[in-house]
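Presented below is the structure to which this report refers.
All values below come from the heavy atoms of this structure, side chains included, with hydrogens, waters and symmetry mates left out. Letters A, B, ... are given to chains in the order of the sequence lines, protein chains preceding strands, and every chain is numbered from 1.
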Amino acid sequence: MDFHIEKAYEAKKFEDKIYQKWEKSDAFTPKIDKKKKPFSIAMPPPNATGVLHLGHAIMLAIQDIMIRHHRMLGDSTLWLPGTDHAAIATQNKVEQFLAKKGKTKYDLGRKKFLQEVNKYVKNSQNIIRKQIRKMGSSCDWTRERYTLDKGLTNAVQEIFIKMYNDGLIYRGDRIVNWCPRCESTLANDEVEYKDAKEKLYWIKYGPFTVATTRPETMLGDTAVAVNPNDKRYKKIVGNKSMIPGPLGEFEIRVVADKRVDPEFGSGAVKVTPAHSFDDFEIAQKNDLPVKSVINEKGRMKKNCGKYAKITTLQCRKAVVKDLEKLGLIEKIEDYEHSLSICYRCGTPIEPLISKQWFINVDRTIIKDGKKKKSLKEKSIEVVKNKEIQILPSKFNKIYFNWMENLHDWCISRQIWFGHRIPAWYCKNCDEIVIRKEKPIKCQRCKSTEFKQDPDTLDTWFSSGLWTFSTLGWPKKNKDLKYFHPTSVMETGYDILFFWVARMIIMTTYALDEIPFRTVYLHGLIRDREGRKMSKSRPETCIDPLEMIEKYGTDAVRLSLVIGGTPGNDMRLYEEKIAGYRNFVNKIWNAARFALININKEDLKNNFEQSMIKSFADKWVLTELQKLINEVDRDLEKYRFSEAGTKIYDFFWSKYCDWYLEISKGEHKNPAVLLFVLKTSLKLLHPFVPFITEKLWEFLGEDQLLINERWPKSDKKLIFTEEAKTMDLIHNIISKIRSVRSELRVEPAKKIHAVIYAGKYIDALEQKREALMRLARLESLEIKDKGPKIKKAKAAFVDKTEIYLPLKDLIDLNKEKKRLEKDIGSKEKYIISLESKLKNTGFIKNAPKEVVEKSKTKLENEKENLKKLKKQITELQ
RNA sequence: GGGCGCUUAGCUCAGUUGGCUAGAGCGUCUGGUUUACACCCAGAAGGUCAUAGGUUCGAAUCCUAUAGCGCCCACCA
C-alpha cells in the first residue's frame with residue numbers, strides 16, 4: 001500500500017491528541033443501561049498537593065487496564081476520578097510557603113488562610129488532572145469529585161449526624177497522640193516510629209528507684225505502679241507516699257498493674273496519666289488523679305512553677321540538673337528505643353489529654369438480622385464471609401488482626417483545613433447541638449448565641465465515604481443504585497488500614513452495603529537496590545512524567561504492570577522502561593510491515609473463514625485463540641502481569657518472528673496478516689492504549705479502538721493438527737539454524753539439506769519455500785524416508801531426520817565431543833523416564849495424559865539416541 | 001514481643017490445581033546491511049530452585065526445622 005509512516009514510533013507526537021479524541025468521543029462516560037453489566041472503580045483520589053509520582057502511575061496503569069478491558073467487554077464501565085483535600089498534608093504545604101515569607105497562619109487568620117489553601121489546591125488539582133490524562137487514564141471526567149466539594153461535604157455532615165444520633169460518635173477527654181508542630185491530634189495509625197538514641201534516667205523516687213526517658217513528666221506523676229506479684233511491694237500497694245522532687249515533695253499512690261515488669265530496674269514505674277497511653281489506662285482503672293503539665297505547643301504548663309512555658313526538652317535538661325543537685329539521680333544510661341513521631345512532619349508525638357470527638361467502634365448498634373453488631377464486627381464479617389475479596393489473600397489475616405485490635409477512632413483534628421465538625425455550642429449554657437447549620441435558638445436557655453466547634457474532621461473520615469459519596473449519596477439517585485457497590489478497589493497495600501478498612505467501616509454502616517467486591521492491593525515501587533525511593537536520594541527517584549516524555553506512556557505503563565505481582569514490591573529502573581519502549585516500537589513496525597504488504601481492498605474486507613489458506617495461517621490463528629483464552633483467564637483473576645507477558649510473547653515471538661517472516665515469501669496472506677494484527681491490537685489496547693489506537697486509525701478504521709469489542713476465542717479458528725505441523729516446521733528451521741551456528745557456517749552461505757519427513761512429507765513440501773528461505777538453504781530434498789547419509793551432519797526433530805552435507809566444515813573432534821555430550825544427557829533423561837514408567841505408583845496415580853506423554857517422549861528419545869550413536873560411530 | 005512474607009540464571013523477576021529436561025527480560029558471548037523494526041535478526045553459554053528433613057508414584061510448588069533478608073502491628077517505663 002502506498003503511504004508513509006516513520007520508522008520509529010514517537011509517542012510524544014500522538015499521545016495528547018489521541019487522549020483528546022477519546023475524551024471528546026464520550027468514550028469515558030458510561031450510560032446507565034439495565035441490559036448491561038455495570039463495572040465501576042472509584043479512583044483513589046490523589047492528594048490535592050504536589051505532583052504525580054510512581055505510586056499514582058502504577059494505580060492508574062492497573063486500573064485503566066481493568067477499565068478498558070471491561071469497557072471492551074461491553075460492560076457499562078465507570079471510572080470515577082477525583083482528588084482528596086488531604087487536610088494535614090495540604091495545610092502543611094501552605095504553611096511552608098507562608099513560612100518562607102516569614103508568616104504563619106495566625107497572621108492571616110482562619111478565613112484568609114483557607115483562601116490561600118484553596119488557591120493552592122485549585123492550582124495543583126489542575127496539574128494532577130493533566131497528569132492523570134498523561135497516563136492515558138480513561139476515567140469519566142464528567143463525574144469528577146473532590147472530597148471538599150459541596151456534595152461530599154453534605155455527605156460528611158449527614159453521616160456525622162447519623163452516627164451521633166446512633167450513639168456512635170461521642171466527645172470526651174481522652175489521651176491522644178498530639179503533634180505539637182501541627183498542633184493537632186493524630187490517629188493511632190498516623191503515628192510512625194523511629195529508632196532514637198536517648199538517655200535513660202534512673203531516679204531515686206522515695207522508697208523506689210524508677211527509670212524514665214522523660215524526667216520532665218515527673219511533674220505530672222500521680223502514682224507508682226508495681227507488678228501485683230512483686231513480693232517486695234505487695235504490702236504497700238494502695239499506700240500513699242511522699243516523693244521528693246525538684247518542685248518539692250508531692251504525693252503519689254502505689255498501684256499494681258500486671259504490665260509492670262518486675263525484672264526491669266527496681267520493678268517500679270512512675271505513672272504520668274496525662275502524658276502516656278499506658279499510664280492513662282492505669283489511672284482510669286485505679287481512679288487516679290490526672291495532672292496535665294504539658295500544653296498543646298509542647299511547652300510546660302503554668303502549674304510547673306519555675307519550669308512553666310519552656311519546652312519539654314528544655315524542661316528535661318533543667319529537671320535533670322536540679323535532680324542532680326538534689327542527689328536524686330542514681331545513674332544515666334545510653335538508651336535506644338523507638339520514638340513516636342508524626343507521619344506528616346516527623347515531630348515527636350506528645351501524648352496528652354484533650355477533649356476530642358471519637359467514633360465508637362465497639363458499641364453494638366448495627367442491626368443485622370436479629371443480632372446487633374458493632375462497626376468492628378460488621379467490618380470483619382463482610383470479609384470473613386467473602387462478600388469482599390482481598391487480593392492477595394495474605395492481607396486477609398493482616399486486615400483481621402488490625403480490625404480486631406481497633407480502638408475508638410479519634411476523628412477531630414485541630415487544623416483549619418477540612419470539614420468543620422457540625423457541632424455548635426451555646427455560648428450561654430454550653431449546650432451542644434449537632435446540625436449542619438447554625439442553630440437559631442438554644443433549646444435549653446433560649447440563647448441565640450452559638451459558636452461552631454473549631455475543629456475539623458480527620459481526612460480519612462471523608463475518604464471513608466468515597467465510593468458512595470461520589471455517586472451522589474445521600475440522594476438515592478441512579479448512579480448510586482447502578483454503580484454501587486463498586487466492583488474493584490485497587491490501591492497500594494500501604495493504605496489498607498488508613499483507607500480501605502475505613503471505607504468498609506463507613507460504608508457498611510451508612511448503606512448497609514459493602515463499598516466494593518474486590519480489593520486489589522499492589523506493591524510499592526522501589527529503586528534498583530530495593531530501597532524506597534525518597535526525595536533525599538534524587539538519583540534513585542524515577543519521575544514518571546520524565547519517563548513518559550522520554551519513552552512514552554505506553555512503555556511506562558508496561559514497565560509498571562509487567563513483572564509485578566499483587567502485594568509484592570517491585571523494583572523499577574530506566575532500562576526496564578526502555579525495554580518496553582522497544583516492544584512498543586515493535587508493534588509499530590509490525591503494523592508498518594502489514595500496511596506495506598496489503599492493499600486498500602484488503603483493508604475493507606471482513607475476515608472470513610474461507611480466507612484461511614496455509615499451515616502458517618492455521619498455526620497463527622490457533623495460537624491466537626489459545627492466547628485469547630489464556631488472557632481472558634488471567635484478566636479475570638487479576639493476573640495482569642501474566643496476561644501482558646503472554647500477549648507480548650505472542651506478538652513478538654510468534655506473530656513477528658515467525659508469521660511475519662513467513663509472510664515475506666510465497667505464503668503471504670494479507671487477510672490473516674491483518675486479522676491477527678487487529679485482534680492483537682485489541683488485546684494490547686488495555687495495556688498500551690495510545691499506540692494501538694493510533695495504529696487502528698492507520699488500518700483504516702473510522703471507529704475508535706477504545707469502543708471496540710473484546711475478541712472472543714473462536715473454535716472454528718483452532719486447527720490443532722495443522723498447528724502441530726507448523727510447530728514441527730519451526731523446530732526444523734531452528735534446528736538447522738542452530739547446527740549452522742555451531743558449525744560456524746557463515747549466515748550468508750546457503751547450504752544443502754535432506755529431510756526424511758515421514759508422514760509430514762506433504763506438509764514440508766508445502767512449506768518448502770519458507771523452509772529454504774528461513775534456514776538459508778540452497779537446495780532441499782524432502783523424502784518420506786531413506787538411508788543414512790554419510791559425510792553429513794545429522795539432526796533429529798521429533799521423528800524427522802535432517803541431514804546437512806557439510807563434511808568439509810565439520811571439525812571431527814569437536815563434533816564428537818558434542819555428540820557425546822548430547823548422548824550423555826539423552827541417556828540420563830531416558831533412564832529417568834524409564835524408571836518413572838516402571839513405577840506402578842506413577843502409572844496408577846498420575847493422570848492418563850501425563851503417562852501418555854511420558855511414553856511417547858521415551859519412544860522418541862530412544863529412537864534419537866540410536867541415531868546419535870550411529871552418527872558417532874560413523875564419524876570415526 | 002506478636003504477625004506476615006521473601007530466598008529460583010550475573011541482575012530484575014515469572015512459575016496458576018504438585019505432573020514435559022524450571023522460563024522471560026536485561027546483561028554476557030558468537031555471528032549478521034535478510035521485504036517492518038540495530039529500539040532489529042539468528043544462535044549460544046549460564047540453575048544444588050537458601051539449607052536439612054518429611055509427605056507423595058512425583059516437590060521450585062505441600063509440611064517441619066534452620067539460616068539470611070524484608071515488611072506490618074504493638075510497645076518496653
Which salt bridge (charged side-chain N to carboxylate O under 4.0 Å, His left out) pairs, counting each pair once, include a residue from residues 562-572 of chain A, with sequence neighbours left out?
A:R526-A:D569

Using the C1' atom as the reference point in each nucleotide, state the distance between B:U48 and B:C29 in Å, no decimals.
25 Å

Nearest-Å distance, CD (A:E849) to P (B:C57)?
19 Å

Would you kindly give the CD-to-P distance between A:E404 and B:A74, to the nearest whole Å?
14 Å

Integer angstrom distance from the P of B:A14 to that of B:G5
15 Å

Nucleotide-resolved protein contact map, nucleotides 27-42 of chain B, B/S/- at heavy-atom distance under 4.0 Å
---SS---BBB-BSSS

Under the side-chain contact (heavy atoms from CB on, under 4.5 Å) test, residues paired with A:K285 that sit two or more places apart
A:D257, A:R259

Whole-Å gap separating C1' (B:U21) and CD (A:E834)
15 Å

Residue list, side chain to side chain donor-acceptor pair (under 3.5 Å) with A:T565, at least two apart or on another chain:
A:N568

Rounding to the closest angstrom, what is the interatomic distance between B:A59 and B:U21 at atom P?
12 Å

Counting primed atoms, P, OP1 and OP2 as sugar-phosphate and everything else as base, the B/S/- map of nucleotides 10-19 of chain B against protein heavy atoms under 4.0 Å is --SSSSB--B

Side-chain donor-acceptor distances from residues 573-584 of chain A under 3.5 Å, at least two apart:
residue : atom : partner : partner atom : Å
A:E574  : OE2  : A:K550  : NZ           : 2.5
A:E574  : OE2  : A:Y551  : OH           : 2.7
A:E575  : OE1  : A:R528  : NH2          : 3.2
A:E575  : OE2  : A:R528  : NH1          : 3.3
A:K576  : NZ   : A:I562  : O            : 3.4

Whole-Å gap separating C1' (B:C73) and NE2 (A:H407):
11 Å

A:V210 near the nucleic acid: base, sugar-phosphate alone, or nothing, with a heavy-atom cut-off under 4.0 Å?
nothing

When rounded to whole Å, the CG to P distance for the pair A:L496 and B:G3 reads 19 Å

Specify the residue among A:E575 and A:G841 whose closest nucleotide of RNA chain B lies further upstream toward the 5′ end.
A:E575

For A:S653, all residues meeting side chain to side chain donor-acceptor pair (under 3.5 Å), sequence neighbours excluded
A:D649

Write down the distance separating the C1' atoms in B:U56 and B:A50, rounded off to the nearest Å.
23 Å

When you compare B:G18 with B:C62, how far apart are their C1' atoms, in angstrom units rounded to a whole number?
8 Å

Mind calculating the distance between CD1 (A:I577) and P (B:G25) to the nearest angstrom?
19 Å

Charged N to carboxylate O under 4.0 angstrom, A:E10 versus A:K12?
no

Which whole-number value in Å describes the distance from A:K826 NZ to B:U21 P?
13 Å

Mind checking the C1' distance from B:U30 to B:C69? Whole angstroms is fine.
38 Å

Provide the full list of salt bridge (charged side-chain N to carboxylate O under 4.0 Å, His left out) pairs with a residue in residues 835-844 of chain A, sequence neighbours left out, each pair given once.
none

Could you list the residues that satisfy side-chain contact (heavy atoms from CB on, under 4.5 Å) with A:L819, not counting sequence neighbours?
A:E815, A:L868, A:Q871, A:I872, A:L875

Taking only Lys NZ, Arg NE, NH1 and NH2, and the carboxylate oxygens of Asp or Glu, determine whether A:E769 and A:K664 approach each other closer than 4.0 Å.
no

Residues forming a side-chain contact (heavy atoms from CB on, under 4.5 Å) with A:K397, sequence neighbours excluded
none

Looking at every strand, decide which applies to A:Y201 at a 4.0 Å heavy-atom threshold: base, sugar-phosphate, or nothing.
nothing

Taking OP1 and OP2 of B:C4, is either one under 4.0 Å from a side-chain nitrogen or oxygen of A:K397?
yes

Can you find a side-chain donor-acceptor pair between A:N401 and A:N405 that sits under 3.5 Å?
yes

Pairing pattern in dot-bracket form [Watson-Crick, G-U; both distances under 3.5 Å; | = partner strand] for RNA chain B
(((((((..((((.....[...)))).(((((.......))))).....(((((..]....))))))))))))....

Pick the P atom in B:C40 and in B:G27, then give their distance to the nearest Å.
9 Å

Tell me every residue that passes side-chain contact (heavy atoms from CB on, under 4.5 Å) with A:T222, counting only those two or more places apart in sequence or in another chain.
A:P273, A:L288, A:P289, A:K291

Indicate yes or no: does A:E630 engage A:K646 in a salt bridge with an N to O separation below 4.0 Å.
yes

In whole Å, measure the gap between the C1' atoms of B:A9 and B:G2 for me.
37 Å

Rounded to the Å, how far apart are A:F395 CZ and B:G3 C1'?
13 Å

